[in-house]
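Just so we're on the same page: letters track the sequence lines, and every chain starts at 1.
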Number of protein chains: 2
Amino acid sequence: MDKEQLKKKIGQRIVELRSQKGWSQSDLARATGKDRQAMEKLENGKVNPTLYTLLEISKALEVSLNQLVKF
Amino acid sequence: MDKEQLKKKIGQRIVELRSQKGWSQSDLARATGKDRQAMEKLENGKVNPTLYTLLEISKALEVSLNQLVKF
DNA sequence: TTTTAATATGACAAAAATGTCATCTAATTA
DNA sequence: TAATTAGATGACATTTTTGTCATATTAAAA
């Protein structure tokens, strides 16, 4: 798996978990203390997130870190 | 868990998995195509690695990504 | 003791993430 | 229709990671 594929994968996973909660990008942004655009970049595979960003997202989505990267 | 704690945790986890294989930092560096100093920074919690860096490390250590962040 | 291997540290440039702007489209709702 | 909500995009400054130097410390081996 190359970097671009990985970025897409984690983005899709975040969309999947957010959608399961019935949340909008704004809802997730609020829950993480970040802004909508930051969420959009993550979800659309525009960035290669750091571990800490992933931890923050996992907390907001109420899943464990290793569940978030389970793909 | 704050960012500093997380950096320490992932570093300890990498040391743990590398040690289980009986590898030196140089061995891991070679397996990842990076250099010794980069491994040292990771292991000693000096950096907040990106997801792609974690994937490369997990490959070198022959564990899955979600096993690497299982802590 | 001397040499070598392993680990650690500080400095640096280049690349990339983060966070925040404005703005745009599309879909939904009043 | 008009207003609102959701999502997407490009630009930008700031911060940080990444990758690579040189070098220092410690431990092990010859």
**Prompt:** Backbone N or O of A:E4 within a donor-acceptor pair of the A:D2 side chain at under 3.5 Å?
**Reply:** yes

If you look at every strand shown and take non-hydrogen atoms under 4.0 Å, does B:E43 touch a base, only sugar-phosphate, or nothing?
nothing

* Using atom types as modelled and distance alone, determine if a side-chain donor or acceptor of B:N48 lies under 3.5 Å from a backbone N or O of A:Y52. => yes

B:L54 atom CG is separated from C:dA17 atom C1', nearest whole Å, by 14 Å

From the candidates C:dT7, D:dG7, C:dA17, the one with an atom nearest any side-chain atom of A:Q25 is D:dG7

Q: Please determine if a side-chain N or O atom of A:R18 lies less than 4.0 Å away from the OP1 or OP2 oxygen of D:dG7.
A: yes

If the cut-off is 4.0 Å, is B:N48 near the phosphate of D:dT16, judged by side-chain N/O to OP1 or OP2?
no

- Query: Does the base of C:dG19 carry an N or O that pairs as donor and acceptor with the side chain of A:K41 under 3.5 Å?
  - Reply: yes

Quiz item: Base, sugar-phosphate, or nothing for A:K46, non-hydrogen atoms under 4.0 angstrom?
Solution: sugar-phosphate

B:M39 CE to D:dT17 P, in whole Å, measures 14 Å

| said: Tell me whether the side-chain N/O atoms of A:T50 come closer than 4.0 Å to OP1 or OP2 in C:dT18. | reply: yes

When rounded to whole Å, the CD to P distance for the pair A:E56 and C:dT18 reads 9 Å

Heavy-atom nearest nucleotide on DNA chain D taken for B:P49 and for B:R36; more 5' hit belongs to B:P49

From CG of A:L28 across to P of D:dG7 the rounded distance in Å is 10 Å

Determine, for B:E56 against B:K59, whether the closest basic-nitrogen to carboxylate-oxygen distance falls under 4.0 angstrom. no

note: B:K7, atom NZ; D:dT18, atom C1'; distance rounded to Å ~ 14 Å

Side-chain atoms of B:D35 come closest, of D:dT20, C:dT9, C:dT20, to D:dT20

Problem - B:E43 and B:Q25 side chains, donor-acceptor separation under 3.5 Å - result: yes

Pairing of A:E16 and A:R13 as salt bridge, 4.0 angstrom limit: yes

Taking any heavy-atom pair under 4.0 Å as a contact, classify B:R30: base, sugar-phosphate, or nothing. nothing

Taken to the nearest whole Å, CG/A:N44 to P/C:dT18 is 15 Å

Taking D:dT20, D:dT9, D:dA6 as options, the one with an atom nearest any side-chain atom of B:Q37 is D:dT20

Between CG of A:L51 and P of D:dT17 the distance, given in whole Å, is 11 Å

A:D27 CG to D:dT4 C1', in whole Å, measures 15 Å

Out of D:dT20, C:dG19, D:dA8, minimum distance to the side chain of A:K34 belongs to C:dG19

Picking from C:dA8, D:dA6, D:dA8, the nucleotide nearest the side-chain atoms of A:E40 would be D:dA8

Winner on side-chain proximity to B:T53, out of D:dT20, C:dT9, D:dT18, is D:dT18

In short, B:L51 meets B:L65 closest at the heavy-atom pair CD1-CD2, 3.8 Å

